[in-house]
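Numbers restart at 1 for each chain; the letters A, B, ... are given by sequence-line order, proteins then strands. As the structure is a prediction and not an experimental result, all values here were calculated from the model.
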Amino acid sequence: MKHSKDHEQQPYNAQSIETKWQKKWAESNIDDACDDISDQRETYYCLEMFPYPSGNLHMGHVRNYCLGDAIARYKRMQGFNVLHPIGWDAFGLPAENAAIEHQRPPAEWTYANIDQMRGQLKRLGLSYDWSREITTCKPEYYRWEQWLFIKLIEKGLAYQKEAEVNWCNPCHTVLANEQVEDGACWRCKTPVVKKNLKQWFIKITDYAEQLLDDLEQLSTSKGGAWPDKVIGMQRHWIGKSSGVEISFNIEHSDEVLDIFTTRPDTLMGVSYMAVAAAHPLAIQAAQNNTELAFFLKECATISTKEADIATMEKKGMALGVNAIHPITGETVPVWVANFVLMAYGTGAVMSVPAHDERDFEFAKQYNLNIKQVITNRTGDANVDNAAFTDTGILIHSAAFNDLDSEQAKQTITAWLAERGKGKERIQYRLRDWLISRQRYWGAPIPVIHCADCGAVAVPEKDLPVVLPEDLQPTGGSSPLAECEAFLNVDCPQCGRAAQREADTFDTFMESSWYMNRYMSAHCDTAMVDTNAMQRWAPVDQYIGGVEHAVLHLLYARFYHKLMRDVGLFDGDKVGHEPFKNLLTQGMVLLDGTKMSKSRGNTVDPNTIITLYGCDTARLFTLFAAPPEKDLEWEESGVEGAHRFLNRVWRLFEKLNIDIANEDDEKSVKDLRRITHMTIEKVSRAFEHGFAFNVAIAAQMELTNALQAFEMTGTAGKAAFIEGLQALVKMLAPFVPHFACECGERLGFDQAAVIMSWPTVDEAALLQDEIALVVQIQGKKRAEIMVPKDVDQNTALALAKEDPSVCKWLQGMQVVKVILVKGRLLNIVVRPA
RNA sequence: GCCGGGAUGGCGGAACUGGUAGACGCAAGGGACUUAAAAUCCCUCGAAAGCAAUUUCGUGCGGGUUCGACUCCCGCUCCCGGCACCA
């Protein structure tokens, strides 16, 4: 036992403590994951979404990494072999913009930012395995992405096609569908323009069904732990719908108009057809019709210029062509309509105004026929003022009358199928991933364009196609497109002069597989090492902002499956999904709005660290709100967190108290109970839900109890030390530097503090006597002390001795008694 | 419109599978220590009534189930996030 002199009080000095421990940790590589197969510990992979090196860490980063670090540290203390890596999502547009502004190549800016931000991360004392640091703009990283891409070309999963694509003028590049939000660029918020361009795509649609099916195993109902919100968003994005493709012949022509519908039961109600402006039938009709040609042109621009597409007026024009109804043989006019999307289904629809709101509106506007063919059970549904969109019973449908919608769908589909005029079809909203970008600061697409051989994949032996890092963007098109040294190359097939593809990959390509690369970060013989994958994958806990719910999280799931299917690993051994559990953290707000540079309402993490230390900053971000909720930054709250650490610090003064007297057995027992209850509560927070705000509150309660504890004898002192030790260890995932320093004052080495989690002594939780709440008619009327395993009759008898209970029982007859063990006794009475 | 999530003191938020509503912290008020300030410590802190013990009301609104409802069910209101002419 140490003597009082050793515990003389030094004030808590965050700066010197943090510097001291960060140095020690770095020296001991204590945070590195162990790849040694002899290591028997169970593995745990904790990952936070890696940062884009924008220049400085912001509070959102701090929150993200503190959450992850708490989990990683807890798991280490629980005896897991933890992989907790970090890296840099280093390609991207801001680097080019900065390059233009500063007249320096983007590489310089990027690497300088990485150095700056690495320093900031280290200042936060985050327990990363720095030996696995990844920088995605380095050839040693992106070469494998290029490698995978040529494999995908071989498998027919990557292809080039001319298509209508989303173009962002300020960013001077095309965008994937996922990167268009409200008709505008996800990055610069400028409305996108439609353009027809030849671009590279990856067939994510081939994986639609898998991506949808595997969402099931991620949902909480199936033992996974992805938020319902994210699962719902992905499900909706994939947008599966089952229906029928129906062929309509065109009058006086050999042409066939194919449409997709989910409501074949309404087929008899078709009164016109509508095709997209880009539909071949429309284009053909426009050849001899200038008015129509003008309208088609207008549609192409309007649909993209209008910010609010939803409220856009429905417009259309008759093509002057008729379609023949496959059942009745009647003719219906074909229209072009601005609400029909070329990219969905077949780019054409059968219009049933009586049973579709959109068709109804269009029909009213252009005075088209409205024919009701479905009614409700009572038969009184009408379509006078609005479409009747429910399913129901068929009417005015000849042979199909009186069938209900479900039967009609089957019967009509079968009828069509027999005659070769229709077939069941599954349609997805998801479209192929457009991965070409007309940007410089990205990974080159490994393709060579040859006049004779066409687009030829760069042979594997010639990889990587290295991006020249010294080019200077000027603001217009990519400097890569003008870099002769890069572009001119011999065709790998015929050997004649050819040109490299000047487009680069969408930067979401890099972030789609980095989680798998960390497992074998420096492997130079393969994209990933299969053994490492089997050891570590999947990520046990992924933490990041919800803004990536569809973008990154969908692409990464897809990429994982691609990597599996090119044979990099066995999905049954490694897992078919990359992220087992997902925690989506809320934003950091200041005065109710998101902290952002553009709003100028940021709080610099550095300032806070300098003022209070990183432990205080860490503690506050975890305590102020539950992880998934938004967190309001409050300086007074930060001070409160700092005060708490000081309070713990001062608990050590109590070690100097003389203990010459007898113990008060009850208070010793109570203290031990609080200690072990706290261990239970804090452990529970880590095991499910990550309610660190509650866990920290529990630690504050323990601190209060320790502070209030009157230590008189040796048992008391032992209980106090036990509580203090447990507290220090439980603080370690949150405020590691502080905890290590406190641990040292208790005589622990660092491993004892950051490698062992306290265990609950069940015996300490037991109480001989408990406070039992006595309710009359469900209302609390008294609290009595009873033996812990009291039975109902004894409890009732004891309750009746209590004067305030007596008062309420006066003149009453006991009807029923309910005892909830360990909690309460409810007496139901009625007037006698 | 559709999907998801919410609504609890002055504020952020607690409340295990239905069982003491408001833990913990912030803010506020009062007091102690101090020449003073800071720091620290103690007390009060949902509303109403009362000197008090105590009582009544109280978890967005209206119903219901139950001995007992912040929690479950039915019907709403409002807020936040996502998607949105998807055939």
Counting side-chain heavy atoms from C-beta on, which of A84(B), A87(B), U20(B) comes nearest to Gln775(A)? U20(B)
Leu341(A) CG to A87(B) C1': how many Å, rounded? 9 Å
Tell me whether the guanidinium CZ or amine NZ of Arg429(A) lies under 6.0 angstrom from the six-membered ring centre of Tyr344(A) and within 45° of its axis. no
By the 4.0 Å heavy-atom rule, please label Val828(A) as base, sugar-phosphate, or nothing. sugar-phosphate
Could you give the distance separating A84(B) and U77(B) at their C1' atoms, to the nearest angstrom? 24 Å
Looking across every strand, which nucleic acid part, if any, lies under 4.0 Å from Arg781(A) by heavy atom: base, sugar-phosphate, or nothing? sugar-phosphate
Proximity to the side chain of Asp228(A) - top-ranked nucleotide from U20(B), A87(B), G4(B): G4(B)
Answer with base, sugar-phosphate or nothing: what part of the nucleic acid does Arg643(A) contact at a heavy-atom distance below 4.0 Å? sugar-phosphate
From the candidates C67(B), A87(B), C83(B), the one with an atom nearest any side-chain atom of Asn826(A) is C67(B)
Given the C1' atoms of U65(B) and C74(B), what is the spacing between them in whole Å? 11 Å
Of Val550(A) and Gly778(A), the one whose closest nucleotide on RNA chain B sits nearer the 5' end is Gly778(A)
Filter on salt bridge (Lys or Arg N to Asp or Glu O under 4.0 Å), then keep only pairs touching residues 806-828 of chain A, sequence neighbours left out; what's left? Asp789(A)-Lys821(A)
Set of side-chain hydrogen bond (donor to acceptor under 3.5 Å, both in side chains) partners for His642(A), sequence neighbours left out: Thr616(A)
Nearest to the Arg429(A) side chain among C24(B), G19(B), A84(B), which nucleotide is it? A84(B)
Under a 3.5 Å cutoff, is there a donor and acceptor pairing between the side chains of Tyr612(A) and Glu635(A)? yes
Would you indicate which nucleotide in A87(B), G4(B), G25(B) comes nearest to any side-chain atom of Lys229(A)? G4(B)
Pick base, sugar-phosphate or nothing for Arg647(A), based on heavy-atom distances below 4.0 Å to the nucleic acid. sugar-phosphate
Residues in side-chain hydrogen bond (donor to acceptor under 3.5 Å, both in side chains) contact with Ser636(A), at least two apart in sequence or another chain: none
Would you mind building the protein contact string for nucleotides 6-16 of chain B? One character per nucleotide, 5' to 3', B for base within reach (heavy atoms under 4.0 Å), S for sugar-phosphate only, - for untouched. ------SSS-B
Distance, P atom - from C2(B) to G58(B), rounded to whole angstrom: 34 Å
Taking only the P atom of each, what is the distance from C45(B) to G60(B) in whole angstrom? 23 Å
Determine the interatomic distance between C1' on C80(B) and the same-named atom on A28(B); round to the nearest Å. 29 Å
Could you state the atom-to-atom distance from CD of Gln813(A) to P of C67(B) in whole Å? 16 Å
I need the CZ-P distance between Phe644(A) and U40(B), as an integer number of Å. 14 Å
Any base atoms under 4.0 Å from Glu783(A), or only sugar-phosphate, or nothing? Heavy atoms, all strands. base
Base, sugar-phosphate alone, or nothing: which one does Asp359(A) contact when heavy atoms must sit under 4.0 Å apart? nothing
One thing to verify: whether Glu680(A) and Arg673(A) come together as a salt bridge, which I'm taking to mean a side-chain N less than 4.0 angstrom from a carboxylate O. no
Over all heavy atoms of both residues, which pair between Ala387(A) and Pro353(A) is shortest? Give the atoms and the distance, please. CB-O, 3.6 Å
Which is true for Gly239(A) with a 4.0 Å heavy-atom rule: it touches a base, it touches only sugar-phosphate, or it touches nothing? nothing
Determine the contact category for Thr346(A): base if any of its heavy atoms lies under 4.0 Å from a base atom, sugar-phosphate if only primed atoms, P, OP1 or OP2 are that close, otherwise nothing. nothing
Contacts satisfying salt bridge (Lys or Arg N to Asp or Glu O under 4.0 Å) that involve residues 615-625 of chain A (not counting sequence neighbours) are Asp69(A)-Arg618(A)
Under the side-chain hydrogen bond (donor to acceptor under 3.5 Å, both in side chains) test, which residues partner His552(A), sequence neighbours left out? Tyr542(A)
Syn or anti for G63(B)? Use the chi torsion, O4'-C1'-N9-C4 for purines and O4'-C1'-N1-C2 for pyrimidines, with syn inside 90° of 0. anti
Distance between the P atoms of A36(B) and G31(B), in whole angstroms? 14 Å
Test of understanding: with ring pair (Phe, Tyr, Trp, His ring centres under 6.0 Å), list the residues that count as partners of Phe692(A), not counting sequence neighbours. Phe686(A), Phe690(A), Phe734(A)
Letter by letter from the 5' end, nucleotides 42-54 of chain B scores (B base, S sugar-phosphate only, - none; protein heavy atoms under 4.0 Å) ------------S
Listed once per pair and sorted, the salt bridge (Lys or Arg N to Asp or Glu O under 4.0 Å) pairs that draw on residues 770-786 of chain A, sequence neighbours left out: Lys780(A)-Glu783(A)
Regarding Val340(A), tell me which of base, sugar-phosphate or nothing describes its non-hydrogen contacts under 4.0 Å with the strands shown. base
Where the side chain of Arg358(A) is defined as all heavy atoms beyond and including C-beta, which of C85(B), U20(B), C67(B) is the nearest nucleotide? C85(B)
Between Asn646(A) and Ala641(A), which residue's closest nucleotide on RNA chain B lies nearer the 5′ terminus? Ala641(A)
What nucleotide among G82(B), A23(B), A87(B) has an atom nearest to a side-chain atom of Glu701(A)? A23(B)
Only Watson-Crick and G-U wobble pairs, only distances under 3.5 Å, only runs of 3 or more: what stems does that leave for RNA chain B? B:1-7 with B:77-83, B:10-12 with B:24-26, B:28-32 with B:40-44, B:46-49 with B:54-57, B:60-64 with B:72-76
Taking only the P atom of each, what is the distance from G63(B) to A27(B) in whole angstrom? 40 Å
Gap between atoms CG and P, on Leu257(A) and A87(B) respectively (whole Å): 18 Å
Answer with base, sugar-phosphate or nothing: what part of the nucleic acid does Glu628(A) contact at a heavy-atom distance below 4.0 Å? nothing
Rounded off to whole Å, could you give me the NZ-to-P distance for the Lys821(A) and G68(B) pair? 24 Å
Can you list the residues that meet the side-chain hydrogen bond (donor to acceptor under 3.5 Å, both in side chains) rule with Thr389(A), with sequence neighbours excluded? none
Indicate yes or no: at least one non-hydrogen side-chain atom of Ile674(A) is less than 4.5 angstrom from one of Glu701(A). no
Residue Phe339(A), side-chain heavy atoms: nucleotide from C26(B), A23(B), C85(B) that is nearest: C85(B)
Run the side-chain donor-acceptor check on residues 265-272 of chain A: report pairs under 3.5 Å with partners two or more places apart or on a different chain.
| from | atom 1 | to | atom 2 | distance (Å) |
| --- | --- | --- | --- | --- |
| Asp265(A) | OD1 | Arg263(A) | NE | 3.0 |
| Asp265(A) | OD2 | Arg263(A) | NE | 3.3 |
| Asp265(A) | OD2 | Arg263(A) | NH2 | 3.0 |
| Asp265(A) | OD2 | Ser405(A) | OG | 3.0 |
| Thr266(A) | OG1 | Arg263(A) | O | 2.8 |
| Ser271(A) | OG | Asn369(A) | O | 2.6 |
| Tyr272(A) | OH | Asp359(A) | O | 3.2 |

Side chain Lys816(A) and base C67(B) donor-acceptor under 3.5 Å: no
When the P atoms of A53(B) and A47(B) are considered, how many whole Å apart are they? 16 Å
Does either side chain, that of Thr205(A) or that of Asp432(A), offer a donor lying less than 3.5 Å from an acceptor on the other one? yes
